[in-house]
Amino acid sequence: MADNYTTPLARAARIMEIIIPCYMFGKSWGISDSKTVDLFRAMFPSFLVNMAEFFKGIMHTDNANIQRFFSTVSGAFVGFMVVAILALVMHLVLRDRKYLDTLRFTSVSLIPIAVLNGTLSHAIKTLVENMGTQTPDALYASTVSSSQGNLALDGLFYLTAMWFLARRTGVKRSKRFGVVCVGIAFMAVYIGIGLMISPAEWQALLPKLQQALATH
Amino acid sequence: MAGASAQTAAGVSHTLKGEHTMKIPAQRFININKYAITAAIIVYLYGTFISKILQPGILFALAAGFFCLFHKEYFLSRIKLAAHIWAIPIVVGLFTYPMLMEKQPSGQNGFYFFLTFIISFIPYILLITGKTVEALAKKERLGIISFRIMVQLAVLLIYAATTSYSFIYGSNVALFFWGMFHVLTVAILPFLFGRVLCGWLCPNAVLQDALFKNLTYKRPIPTLPRAIDEQSHSSAMYISGEIDKNAPYFPFTLLLSWFPMFFAETVFDLTGVLEYPVYFMYGLYLGSLLLPWRKMCTHFCWLSSYRGLCAQGSIWRIRYNRSKCKFCKKCQAEEACPFYIDIRNQDNEMPATCCLCFSCMEACPFDGVITFKRAPEDKARVKAIGKKAA
């Protein structure tokens, strides 16, 4: 069985398993534009969005489509860095495989959080599109507050996926608890450093957002 | 086939190696003029790609009609009932006509609506006029399969209705459908019901079953390169039980197919575009014409990947009891399984690839071989294997 892993397709699959979830995970941090960048900074940890903005600044073009591509690649690059750091911590817990395999494990298990990030960025898009059609409070409730459920659900399934993936790849039960603890710590840090827009942030952002939308 | 079989007017007496004798009720298969079907497909494709005004809801309902036609076993011998069920698109058409006209009043729309209305009759007429033939049944229809078919059709019609409504009124309700679909099938279902998405819920899978399963035309790509087919033996998504920590989790082709999807979405900002999921579905659907049935799902559908990986610990599983198997080969992969799993090669239980369609369970003429519950002797054997591995 192990021989199959050295086939060109198997080797390529192992690399893609790192790239694709990282892309999914991080792309939301890079897709903001001048109208929505403040909202993205409030919705996601601001330094991640700022890093993505920095890379976007390096790869700049006037073509809107290509710029969108560069934007997501910038976000994906930041996503890769976050996953690489998280994998380092995970590697200390797992210790039974190469770093590359830990990185794959970390990256694939983050797919529910990538889905969460996508949902949150979609919530921002909906919020901007519906500005003016509802009162700001109602808009906040229907887009941002309703995403709290997704946060809880995707967080739960991130931990579940991690547990099952660890079990499948032969991680001992005692170590699996360690793996899940890393996941819980990651979620705590991710939320702690500024995931989701708080009501106070929303109140502060509202005039800026209205002004930005009026000028565009 | 090992053994003898005899057919009677009342039922089929099926004997295998003289060990088991079972009565299987006779079943009537529908035999439909192949030219009528070909013509219907051409009209269907024309409606989809040339005259975009045709209501997608009607088209999907039509596809579901074909689903019933080609799956000869569906609705058993009650083809008249099946015909009446497919009068639903006609009724839907009548109700949606005022909506369409209110939104886009023009003579051309009236013409296309009339065309839609007429082609809605095609499955109805085919079923009513189809001749039936007595044929050897696999086994009496399992209740769970009837239930599965109902769920498939219900999800397909919800999809059709939301898409139709969105097209007519320009609302985002179809995107809401896809949003909920993804959240449910990524987050909840794989852990509980495995890859139930692929067997029960996916509209594309239903359409593939509808049009391609029983078509015997020569596929433009009848076989895939060996390297691609062999991926299924070396990735965690397909292997049951514990895997090597170095093993890839997903097949390469499947991962590769994520890229065009993501890049197109990003570069052309397609996330909120209503037509995008519909035309994407049709793209997949036409791509499936080139390959053997469900090979598209097996090797190129990115939706199945994460679901397959997480399904390993799912609660609802099919068990194969080797101790009771008569090795009659009725369940052999090419005939029964959408994912080409040969259940006889599964020593323990079905791999995560299993989409819980229960086709193998129905294909097996014996009781207790493919079940939900492991037989005591197999339980002991599996336990012994586990101990040996530890």
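In what follows, chains are A, B, ... by sequence order, proteins preceding strands, each numbered from 1. All values below come from the heavy atoms of this structure, side chains included, with hydrogens, waters and symmetry mates left out.
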Tell me, side chain or backbone of [X] under 4.5 Å from chain B's heavy atoms, or both, or neither?
X       : answer
A/Ile15 : neither
A/Leu9  : both
A/Phe69 : both

Contacts with chain B made by residues 94-107 of chain A (heavy-atom distance under 4.5 Å), listed by residue number: A/Asp96, A/Arg97, A/Asp101, A/Arg104, A/Phe105
Is there a side-chain contact between B/Ile370 and B/Phe358 in this structure, where contact means two heavy atoms from C-beta onward sitting under 4.5 Å apart? no
Anything under 30° is parallel, anything over 60° is perpendicular, the rest tilted; go ahead and classify A/Phe25 against A/Tyr190. tilted
By the definition side chain to side chain contact (heavy atoms under 4.5 Å, CB included), identify the one residue from A/Leu110, A/Leu195, A/Leu153 that meets it with A/Leu116. A/Leu195
Check whether more than 12 heavy atoms from other residues, nucleotides or ligands sit under 6.0 Å from atom OH of A/Tyr140, and answer yes or no. yes
Residues, nucleotides or ligands: over 12 heavy atoms within 6.0 Å of B/Phe372 CZ: yes
Please determine whether a side-chain nitrogen of the Lys or Arg among A/Glu53 and A/Lys56 lies less than 4.0 Å from a carboxylate oxygen of the Asp or Glu. yes
Can you say whether B/Leu256 sits under 4.5 Å from chain A via the side chain, the backbone, both, or neither, judging by heavy atoms? both
side-chain hydrogen bond (donor to acceptor under 3.5 Å, both in side chains) against B/Thr253, all qualifying residues, sequence neighbours excluded: B/Gln231
Mind checking the OG-CG spacing from A/Ser147 to A/Asp154? Nearest 0.5 Å is all I need. 10.0 Å
